[in-house]
Participant: 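Have a look at this one.
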2 protein chains.
Amino acid sequence: MPQEDYSAEQAMRYMQDTLYVTGGKWKLLILTAIHAGSKRFKEIQGSVPGITAKVLSKELKDLELNKLITRTVYDTTPVTIEYEGTEYCQSLNTMINEMIKWGAMHRKQIRD
Amino acid sequence: MPQEDYSAEQAMRYMQDTLYVTGGKWKLLILTAIHAGSKRFKEIQGSVPGITAKVLSKELKDLELNKLITRTVYDTTPVTIEYEGTEYCQSLNTMINEMIKWGAMHRKQIRD
DNA sequence: CTGTATCCATGATGATACTG
DNA sequence: CAGTATCATCATGGATACAG
């Protein structure tokens, strides 16, 4: 039984909060892509396997609403749009890196 | 731009692996409940707000298949069944704790 | 390029009742 | 207590076409 910093009820609420913002099939994958350097719509779509434009569009809006990314329109011809993680988004870095690390470890495990 | 331990493609694959095992609406909440000490079916159902017996039953089977929990039948009267995290499940502790910590921080932020 | 609109299929979930 | 069965509903996502 691990010692926790929070009660079971608190832990549950906080986990729910985290999942509310980052949960679902795509958000963490999109953040991973942006985290890794993708900025343009097509670039992100290329990085996230299987995502369609419709879904990516909706998810980017959600992330923007939650202040995790910014959408900047550059007045070039044709217009260029860049998505970037906000400063606040960086608070997710530790968590995201832990998830990636676990996935790497897990992949090793199931291969053996 | 943070320095990463993995290439963008690797990071994406590993994140996908992690989400494959722990993703979806309920798995991390169930693991949080078990992590916090819940063992019995009803206990877990009581800890995870809104989950139905049908869904919990299915999710517990998935988690068992992925070797994250064990299901033990005790031959009492009436029969007692306990779910517990495996040793392998403990490798998720850091990640889960980071998610809970982030939720706690985020809740503070949005309150202000 | 960066999306939006529409239509449709599917899987996930909810409600309720029921079993060993 | 610990689930399963059945039916209905609903959100998610896929395919395709189209727009600024």
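Keep in mind the model is a prediction, meaning the values are calculated, not measured. Just the heavy atoms: all of them, side chains too, but no hydrogens, waters or symmetry mates, feed the values below.
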Participant: Out of D:dG14, C:dT2, C:dT13, which has the shortest distance to the side chain of A:K25?
Facilitator: D:dG14

Participant: With distance as the sole criterion, do the side chain of A:K54 and the base of C:dG3 form a donor-acceptor contact below 3.5 Å?
Facilitator: no

Participant: Got a sec, which residues hit ring-ring contact (aromatic ring centres under 6.0 Å, His included) with A:Y14, two or more places apart in sequence or on another chain?
Facilitator: A:Y6

Participant: Judged by modelled atom types alone, do B:T86 and B:T70 share a side-chain donor-acceptor pair under 3.5 Å?
Facilitator: no

Participant: Is there a side-chain contact between B:Y74 and the phosphate of D:dC1, meaning an N or O under 4.0 Å from OP1 or OP2?
Facilitator: no

Participant: Which whole-number value in Å describes the distance from A:D75 CG to D:dG20 P?
Facilitator: 18 Å

Participant: In whole angstroms, how far is the C1' atom of D:dG3 from the NZ atom of B:K61?
Facilitator: 8 Å

Participant: Indicate whether OP1 or OP2 belonging to D:dT4 is found under 4.0 Å from a side-chain N or O atom of B:S57.
Facilitator: yes

Participant: Using whole Å, report how far NZ of B:K58 lies from P of D:dA2.
Facilitator: 20 Å

Participant: I want to confirm an ordering. Mapping A:R40 and B:V79 to their closest nucleotides on DNA chain C, which one lands closer to the 5' end?
Facilitator: A:R40

Participant: Could you tell me how far apart B:K39 (NZ) and D:dC1 (P) are, to the nearest whole angstrom?
Facilitator: 18 Å

Participant: For B:Q45 and D:dG3, what is the distance between atoms CD and P respectively, to the nearest whole Å?
Facilitator: 10 Å

Participant: Using atom CD1 of A:I30 as one end and atom C1' of C:dT2 as the other, report the distance to the nearest whole Å.
Facilitator: 15 Å

Participant: How many whole angstroms separate atom CD of B:E64 from atom C1' of D:dA2?
Facilitator: 14 Å

Participant: Grab the CD1-P distance between A:I44 and C:dG3 for me, whole Å please.
Facilitator: 9 Å

Participant: Is the distance from OP1 or OP2 of C:dG3 to the nearest side-chain N or O of A:R71 less than 4.0 Å?
Facilitator: yes

Participant: Return yes if some donor-acceptor pair links the side-chain N/O of A:E59 with the main-chain N/O of A:L56 below 3.5 Å, else return no.
Facilitator: no

Participant: Is there a donor-acceptor contact under 3.5 Å from the side chain of A:T22 to the main chain of A:T18?
Facilitator: yes

Participant: Just N and O in the side chain of A:W26: are any of them under 4.0 Å from OP1 or OP2 of D:dT12?
Facilitator: no

Participant: With DNA chain D as reference, determine whether B:F41 or A:V55 sits nearer its 5' end, using the nearest nucleotide of each.
Facilitator: B:F41

Participant: Check every atom of D:dG14, C:dT2, D:dG3 against the side chain of B:Y83 and return the nucleotide holding the closest atom.
Facilitator: D:dG3

Participant: Are any of the side-chain nitrogens in A:D62 or A:K58 under 4.0 Å away from the carboxylate oxygens of its partner?
Facilitator: yes

